[in-house]
Amino acid sequence: MVNTNQRPVFLDLRRIHMPVTAVISIGHRLTGILLFLLLPFMLYLFEMSLRGAEGFEQAAAWLAWWPMKLITLLIIGWYGYHLLAGVRLLLTDSDIGSDLPGARRGAWMVLAGSGVILLVALLLIL
Amino acid sequence: MSRPLTGLSAWLVQRLSAIYMALFTIAAVVLFTVTPIDDYGDWQALWGRPVVSAATALFFVALLLHSWVGIRDVILDYVGWSTGLRLTLLALVGAWLLILGFWILEILLTVVSPWN
């Protein structure tokens, strides 16, 4: 029997690319879950900062410690990304940028925008 | 049995809470840029303003509702294969958010309490 099926049967991972819109969508979900998981941490610091002058200084000292700076930076980055990806969704709902080129453009704008947010946060925190 | 926050109402809550939190975030960034917090006095003065504590309380309400709908969506998407596990996870997340809600209430009450 002659095989007329010309489709490739291999899966070359270097040739499989997720479209940027898919990356944005998964990232939106992932950052949402991460922010949800870190809520207690943020609330704990918030509560500490409000517990008098001593608590405020303690919270400030915590945040000045470099691993905490890193976590703060991550949270700001995730939050900024999640917010921008959400705005993009809201615009899509309103039929703005809902066609394929528009969706792609929006996705790149989300990536660029959250990059800027991360950069500004980095400069402020360092 | 009434099912809170599903379907269209969940969709609407997710968007309304998102819009409020986005506006709150912009306002907070502007506020902290215009009036930086340098010490506990500044911090206390900020929370002494009823507008700030009220807007923050509303922010937390939006945050909890938004978290519920978001995490609920994730669970419904990925744990479709087991009704028992799905319901257990949903109950755990609901209980967890309720605990966070009481905690937030406690924090905010200390802030606005005149005896503090």
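The sequence lines fix the lettering, A, B, ..., with proteins before strands; numbering per chain opens at 1.
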**Q** Which of parallel (below 30°), tilted (30 to 60°) and perpendicular (above 60°) describes B:His66 and A:His82?
**A** perpendicular
**Q** Counting only heavy atoms not in A:Met109 (residues, nucleotides, ligands), do more than 12 fall under 6.0 Å from its CE?
**A** no
**Q** Is it the backbone or the side chain of B:Ile104 that comes under 4.5 Å from a heavy atom of chain A, or both, or neither?
**A** side chain
**Q** Test of understanding: clusters of I, L, V, M, F, W, Y form through side-chain heavy atoms closer than 4.5 Å, transitively. Do A:Leu38 and A:Leu63 belong to the same one?
**A**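 Hydrophobic grouping puts A:Leu38 with A:Leu63.
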**Q** Which of residues 21-34 of chain A get closer than 4.5 angstrom to chain B, counting heavy atoms alone?
**A** A:Arg29, A:Ile33
**Q** Side chain, backbone, both or neither: which part of B:Ile26 has a non-hydrogen atom closer than 4.5 Å to chain A?
**A**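 For B:Ile26, neither part sits under 4.5 Å from chain A.
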**Q** Counting only non-hydrogen atoms closer than 4.5 Å, does B:Asp77 touch chain A with its backbone (N, CA, C, O), its side chain (CB onward), both, or neither?
**A**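 For B:Asp77, the contact with chain A is made by the side chain alone.
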**Q** Using the six-membered ring wherever Trp is involved, compare the ring planes of B:Trp43 and A:Phe56 and label them parallel, tilted or perpendicular (cut-offs 30° and 60°).
**A**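 B:Trp43 and A:Phe56: tilted rings.
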**Q** Please list, in residue-number order, every residue in residues 88-98 of chain B that has a heavy atom less than 4.5 Å from any heavy atom of chain A; write 'none' if there are none.
**A**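 Against chain A, the residues of residues 88-98 of chain B that fall inside the cut-off (heavy atoms, under 4.5 Å) are B:Val93, B:Trp96, B:Leu97.
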**Q** Is there a chain of hydrophobic side chains (I, L, V, M, F, W, Y, each step under 4.5 Å between heavy atoms) that links A:Ile76 to A:Val116?
**A** no
**Q** Give the cluster check for A:Leu74 versus A:Tyr44: same hydrophobic cluster or not, with ILVMFWY residues linked at side-chain heavy-atom distances below 4.5 Å.
**A** yes
**Q** If you look at every heavy atom in B:Trp47 and A:Leu50, which pair is closest and at what distance?
**A** CD1-CD2, 3.5 Å
**Q** Let me confirm one number: the CG-CZ distance from A:Leu89 to B:Arg15, rounded to the nearest 0.5 Å.
**A**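 Between atom CG of A:Leu89 and atom CZ of B:Arg15 there are 6.5 Å.
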**Q** Are A:Val120 and A:Leu84 connected, step by step, through hydrophobic side chains (Ile, Leu, Val, Met, Phe, Trp, Tyr) whose heavy atoms are closer than 4.5 Å?
**A**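 In one cluster: no.
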**Q** Under 4.5 Å between side-chain heavy atoms, counting indirect links through other Ile/Leu/Val/Met/Phe/Trp/Tyr residues: same cluster for A:Leu70 and A:Leu126 or not?
**A**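 The answer is no; the residues belong to distinct hydrophobic clusters.
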**Q** Who among B:Ile99, B:Asp39, B:Leu100, B:Asp73 has the most heavy-atom pairs with chain A under 4.5 Å?
**A** B:Asp39
**Q** So, taking the atom named CG in B:Leu63 and the one named CG in A:Leu35, what distance separates them when rounded to the nearest 0.5 Å?
**A** 9.0 Å
**Q** Rounded to the nearest 0.5 Å, what's the gap from CG on A:Leu43 to CH2 on B:Trp103? Could you check?
**A**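 Nearest 0.5 Å value for the CG-CH2 distance: 5.0 Å.
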